[in-house]
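Take a look at the structure set out below.
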Amino acid sequence: MKLSKGALVDLAAFVIAVLFTSVSVWQTLSPPVGSRTATYEAEFPDVTSLKKGDDVTLAAYVLAK
């Protein structure tokens, strides 16, 4: 089976689009870790389905002076 030039171009474009999409999804779902990290501990009085070691997002509020 011989592919035409147009079919090869379409196939190459499809492969590039799939690779770009895969990398984008991987980057989006990977945890954002910079060069420095800090560890915090907290006690929660009431949580549902939170287990020891689960990731928790900390929201920081900056108050203007």
Side-chain angles (χ1 to χ4, degrees):
M1 180 172 116
K2 192 168 185 168
L3 295 175
S4 68
K5 196 173 199 179
L8 286 175
V9 169
D10 290 344
L11 179 62
F14 176 75
V15 168
I16 290 170
V18 167
L19 288 174
F20 177 76
T21 304
S22 299
V23 169
S24 296
V25 169
W26 177 68
Q27 287 291 326
T28 301
L29 297 178
S30 64
V33 176
S35 59
R36 294 179 7 175
T37 61
T39 302
Y40 299 96
E41 293 184 16
E43 281 189 35
F44 297 96
D46 183 25
V47 292
T48 304
S49 71
L50 186 65
K51 297 177 211 63
K52 184 177 180 179
D54 284 349
D55 289 336
V56 177
T57 302
L58 175 67
Y61 295 98
V62 178
L63 301 175
K65 291 183 179 182

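Just so we're clear, the structure is a prediction, and the values are computed from it rather than from any experiment.
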| query | Hey, what do you get for NZ (Lys2) to CG (Leu8), rounding to the nearest 0.5 Å? | reply | 10.0 Å

| Going by side-chain heavy atoms closer than 4.5 Å, which hydrophobic residues are tied to Val9, directly or by a chain of links? | none

| Considering residues at least two apart in sequence or located in another chain, which fulfil the side-chain contact (heavy atoms from CB on, under 4.5 Å) criterion with Leu29? | Val25

Would you tabulate the side-chain donor-acceptor contacts of residues 11-22 under 3.5 Å, counting partners in other chains and residues two or more places apart, or write 'none'?
unit_1	atom_1	unit_2	atom_2	d
Thr21	OG1	Ala17	O	2.8
Ser22	OG	Val18	O	2.8

